[in-house]
Every structure is written in C-alpha cells, then in structure tokens.
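Below is one structure, written out as structure tokens; comments come after it.
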Amino acid sequence: MATVVLDAGHGGYDSGAVSGTRLEKDDNLRMALAVGQRLKDCGGINVIYTRSTDVFIPLLERSQISNAANADLFVSFHRNASTNPNLNGVEAWVYTNPSAKSVATANLILSRVVSAGVQRNLGLAYGNFSVLRQTYAPSTLLELGFISNAEDNRLFDTRFDAYADAIASGIISSLGVTCRPVEPPQPPVIPPPPPGDYVANVRRIQSTLNERYNAGLVADGIWGPVSNRALIRAFQTELNRNFNAGLVTDGVWGPRTRAATRLVRQGDRGNIVWILQAALYVNGFSTIPDGIFGPVTDLAVRNFQRANGLGMDGIAGPNTFEKLFARA
C-alpha cells in the first residue's frame with residue numbers, strides 16, 4: 001500500500017498569509033483534508049496528515065513524520081500572498097535539487113489543477129523550503145492561488161471540490177494506484193424527525209434565537225425568510241464573538257461571512273454547532289439542536305452534503321453553510 005503524507009501549511013498561532021478575516025492556515029487544512037478523503041476513498045493508499053486540526057507543527061517535525069512513515073509522496077498545501085492585490089495564479093514548488101519523481105509529480109498535479117480552472121499558471125518553481133529539503137520522499141509544495149487576490153479566493157471557494165479532485169487524481173496517477181470501483185450514488189438516508197412535531201421544534205428554535213440573540217421573532221413554528229435571516233445573524237454574531245471576524249450582523253450571507261466561516265466537525269460543541277443543527281433541521285435533515293456535534297449530527301451533515309452535490313466528509317465549512325442558509 002502506498003503512503004502519502006499531506007501537509008497543511010501553518011496552523012495554530014501561525015496563521016500564514018492573512019486577507020481580512022481569511023487565514024491561509026484554514027484554507028490549507030480544508031484542502032488537505034478534502035484531498036485526503038478522496039485518496040482514502042480510492043483505496044490502496046495510506047494517508048497521513050501532518051496536522052488534521054488547527055495546531056502548530058514545527059517544520060522539521062513535518063518532514064520527520066514523512067520520513068518515519070517511509071512515505072512514497074509528500075504534498076504540502078499553501079496559499080500565496082502579495083502586497084500587490086493584482087498578483088494571481090497557482091504554482092508548484094520542488095526542492096532546488098529535486099528528484100525526477102518530484103518534478104514529474106509536481107507537474108502532473110499542477111496541470112490537473114490548471115485544467116480545473118485558474119486565473120494563471122505560474123508553472124513549476126524551485127526553492128530551498130525546509131519541508132522539501134528535509135523530506136526524503138518525492139515532494140512538492142502547492143501554492144493554490146493568492147489569498148491577497150479576490151478572484152483567486154473566489155475560484156478557490158467555488159472550485160474547491162474540482163481542485164481537490166484534481167490534486168487527488170494527480171497523486172493517484174503518480175503513484176500508479178488503481179482505485180476500487182465506485183459504488184453508484186445512493187439516495188440520502190434521512191433519519192426520522194426527533195421526538196415532537198416539526199412546528200413545535202421550529203418554535204423552540206425561534207424561541208432560542210430570541211433568547212440568545214434578541215431576534216425578535218414570532219415563535220409561530222413557521223420557518224421563512226425572517227427566521228432564516230435571524231439564524232444567519234446568530235451565525236455572524238458567533239463568528240464575531242469567537243473569532244473576532246468583524247462582521248456586520250445583517251443576516252445576509254455574503255463573501256465576508258463566507259470567508260470568516262470556520263470548519264465545524266464531530267466532537268465540536270457550542271452555539272455554532274447549535275446553529276448548524278438548527279439549519280439542518282429546518283432543511284429537513286433530522287438532528288436534535290443541542291450544541292453537541294455527535295454521530296447523529298455527523299450523519300445529518302453527510303446526508304445534506306450528498307443531497308446537495310457536496311463532498312460528503314461530514315465537515316461543515318463554507319460550502320455546506322452556504323447551501324444550508326440558501327435553502328433554509
């Protein structure tokens with residue numbers, strides 16, 4: 001079985017490049033996890049992450065993780081940045097004195113990302129980056145657009161799944177792995193609603209929005225645009241409280257709210273999880289809004305993602321929240 005190490009650049013106190021409320025470390029982690037899931041789904045590939053959460057990992061330790069695993073390939077994920085907001089494009093880096101396998105793999109992955117749609121192909125570059133220099137396996141460092149360029153950010157978000165598919169397919173081709181047959185898509189499996197009727201549960205959600213966020217809703221059990229905007233305002237409020245997002249709490253899902261959105265996954269707790277659960281419930285995906293992201297919520301997220309053509313990873317990020325708030 002081939003072993004691939006996926007390295008989400010930066011993390012923890014090291015945010016990497018910053019554009020407003022958008023942090024490079026978050027984009028890097030989202031992409032590494034998405035590519036990793038695709039490689040796992042392929043079969044025949046052992047995926048190791050240098051980090052799978054928002055923690056800081058020293059540069060040398062990232063290489064040591066790969067070396068200790070005797071990895072067949074090491075891929076590091078980054079976003080570029082410049083003081084010139086007009087600079088844009090994607091590129092792949094290899095070590096100054098790279099192996100032929102590193103060059104071939106970097107070119108293969110880059111060509112597939114470019115085919116998925118980018119502003120500009122900056123090509124292959126050579127550099128003395130620590131994670132490339134200290135890693136024994138063939139390795140490449142991907143710069144997936146400039147976080148300082150609005151259009152590159154838009155492309156990263158709207159073509160996120162296409163980029164993840166492109167990178168994963170490039171890795172799979174480089175390794176010469178044959179993926180297991182793909183099972184035909186199955187319709188969403190939606191569990192029955194939680195105890196009580198829909199109207200009563202919607203009233204509870206509306207009442208909670210009133211209590212926690214002074215939403216001023218009539219708790220009538222009817223979910224419409226006014227209730228939905230109140231839910232988005234609650235989400236914006238929590239992003240401001242927890243992450244200093246600096247958002248205007250206007251109940252409008254826009255680019256700033258999307259960029260400020262953090263990943264929410266199984267094991268998380270708190271008001272943002274409650275908001276996710278409420279949005280799932282009013283969309284018809286059964287989960288009990290209790291602020292605890294457990295197996296039932298994980299299943300509901302996956303079912304919602306599958307029903308809406310999203311990567312079914314059980315992690316609620318900008319794409320999932322955008323669909324939830326648009327459909328609620």
Side-chain angles (χ1 to χ4, degrees), residues 1-19 22-40 45-82 90-110 113 122-148 156 163-164 167-168 170-172 174-175 262-263 265 267 315:
M1 178 177 286
T3 296
V4 176
V5 174
L6 302 179
D7 173 46
H10 307 285
Y13 66 80
D14 177 11
S15 297
V18 177
S19 178
R22 187 173 194 134
L23 307 179
E24 180 191 355
K25 66 175 183 177
D26 295 335
D27 285 354
N28 297 340
L29 181 58
R30 284 179 57 212
M31 186 59 72
L33 293 175
V35 171
Q37 187 59 56
R38 285 158 170 78
L39 297 180
K40 292 177 182 179
I45 300 175
N46 176 35
V47 177
I48 297 174
Y49 302 105
T50 58
R51 68 179 182 97
S52 58
T53 58
D54 185 18
V55 295
F56 175 77
I57 306 294
L59 292 176
L60 180 57
E61 186 175 334
R62 295 168 189 258
S63 295
Q64 289 173 336
I65 291 170
S66 177
N67 297 341
N70 194 27
D72 297 283
L73 186 62
F74 177 95
V75 180
S76 188
F77 297 87
H78 288 262
R79 299 291 312 281
N80 222 327
S82 172
V90 300
E91 60 187 341
W93 289 79
V94 292
Y95 180 49
T96 307
N97 183 26
S99 66
K101 182 68 172 178
S102 293
V103 172
T105 300
N107 278 322
L108 178 60
I109 295 173
L110 181 61
V113 172
L122 298 176
L124 187 67
Y126 297 78
N128 190 28
F129 293 113
S130 174
V131 291
L132 301 179
R133 182 179 67 252
Q134 303 285 352
T135 300
Y136 301 153
S139 56
T140 183
L141 185 152
L142 304 175
E143 293 279 10
L144 297 172
F146 281 69
I147 200 170
S148 49
F156 184 89
Y163 287 177
I167 295 166
I171 291 172
I172 291 165
S174 174
L175 296 172
R262 297 300 197 269
L263 301 180
R265 55 168 60 84
I315 300 172

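Note that this is a predicted model, so its numbers are computed, not measured.
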Query raised in the report: Between Val5 and Leu73, is a side chain to side chain contact (heavy atoms under 4.5 Å, CB included) present by the stated rule, with each step listed?
Result: CA-CA 6 Å; Val5 174; Leu73 186 62; over 6 Å; no

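- In this structure, Ser139 OG and Tyr95 OH are separated by 10.0 Å, a value rounded to the nearest 0.5 Å.
- Once rounded to the nearest 0.5 Å, the distance linking CG of Asn28 with CG of Leu144 reads 8.0 Å.
- Considering only heavy atoms from C-beta on, Leu263 stays 4.5 Å or farther from Asp26 through its side chain.
- Within the model, atoms CG of Leu29 and OG1 of Thr53 stand 7.5 Å from one another, a figure rounded to the nearest 0.5 Å.
- Qualifying side-chain contact (heavy atoms from CB on, under 4.5 Å) partners for Lys101, counting only residues two or more places apart in sequence or in other chains: Ser99, Thr105, Pro138, Ser174.
- Asp72 meets the side chain to side chain donor-acceptor pair (under 3.5 Å) test with no other residue; sequence neighbours excluded.
- In this structure, Phe129 has its ring center closer than 6.0 angstrom to the ring center of Trp93.
- Using a 4.5 Å heavy-atom threshold, the side chains of Leu6 and Thr50 count as separate.
- Considering only heavy atoms from C-beta on, Glu91 comes within 4.5 Å of Asn80 through its side chain.
- Counting all heavy atoms, side chain and backbone alike, Val103 lies closest to Pro98 at CG2-CG, 3.6 Å.
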Query - side chain to side chain contact (heavy atoms under 4.5 Å, CB included) evaluation trace for Ser82 with Phe146 - result: CA-CA 7 Å; Ser82 172; Phe146 281 69; 3.9 Å; yes

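- Side chain of Ser19 to backbone of Ser148: no donor-acceptor contact under 3.5 angstrom is found.
- Side-chain contact between Tyr136 and Ser66 is absent, with no heavy-atom pair separated by less than 4.5 Å.
- In this structure, Leu59 and Ser130 approach most closely via the heavy-atom pair CB-OG, 3.8 Å.
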Requested in this report: Evaluate the side chain to side chain contact (heavy atoms under 4.5 Å, CB included) criterion for residues Tyr49 and Val4: first the C-alpha distance (whole Å), next the side-chain angles of each, then the deciding distance (0.1 Å), finally the verdict.
Outcome: CA-CA 9 Å; Tyr49 302 105; Val4 176; over 6 Å; no

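- To the nearest 0.5 Å, the span separating CZ on Arg51 from CG on Leu33 amounts to 8.5 Å.
- Salt-bridge check for Asp14 with Lys25: failed, with every basic side-chain N at 4.0 Å or more from each acidic carboxylate O.
- Within a 6.0 Å sphere centred on CZ of Phe56, heavy atoms belonging to other residues, nucleotides or ligands number more than 12.
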Requested in this report: Could you go through the side chain to side chain contact (heavy atoms under 4.5 Å, CB included) check for Leu142 and Val90 one step at a time?
Outcome: CA-CA 8 Å; Leu142 304 175; Val90 300; over 6 Å; no

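- Nearest heavy atom pair, residue Ser15 against residue Val18, reads CB-CG2, 4.1 Å.
- Because its NZ or CZ atom is both nearer than 6.0 Å to the ring centre of Phe156 and within 45° of the ring axis, Arg79 counts as a cation-pi partner of that residue.
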Query raised in the report: His10 and Glu24: side-chain hydrogen bond (donor to acceptor under 3.5 Å, both in side chains), yes or no, with the steps?
Result: CA-CA 8 Å; His10 307 285; Glu24 180 191 355; 3.3 Å; yes

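- At least one donor-acceptor pair under 3.5 Å links the side chain of Thr135 to the backbone N or O of Val131.
- Put simply, the side chain of His78 reaches to within 4.5 Å of the side chain of Ser76, judged on heavy atoms.
- Considering Leu175, Ile167, Ile171 in turn, Ile171 is the only one that fulfils the side-chain contact (heavy atoms from CB on, under 4.5 Å) rule with Leu39.
- To the nearest 0.5 Å, atoms CD1 (Ile65) and CD1 (Ile48) are separated by 8.5 Å.
- When all heavy atoms of Ala81 and Ile147 are compared, the pair lying nearest together is CB-CG2, 4.0 Å.
- When all heavy atoms are compared, the tightest approach of Leu124 to Ala106 is CD1-CB, 3.6 Å.
- Arg62 pairs by the side chain to side chain donor-acceptor pair (under 3.5 Å) definition with Asp7, not counting sequence neighbours.
- Heavy-atom neighbours of Asn128 CG from other residues, nucleotides or ligands within 6.0 Å: above the threshold of 12.
- Under the 3.5 Å distance criterion, the side-chain polar atoms of Asp54 are matched with a main-chain donor or acceptor of Gly12.
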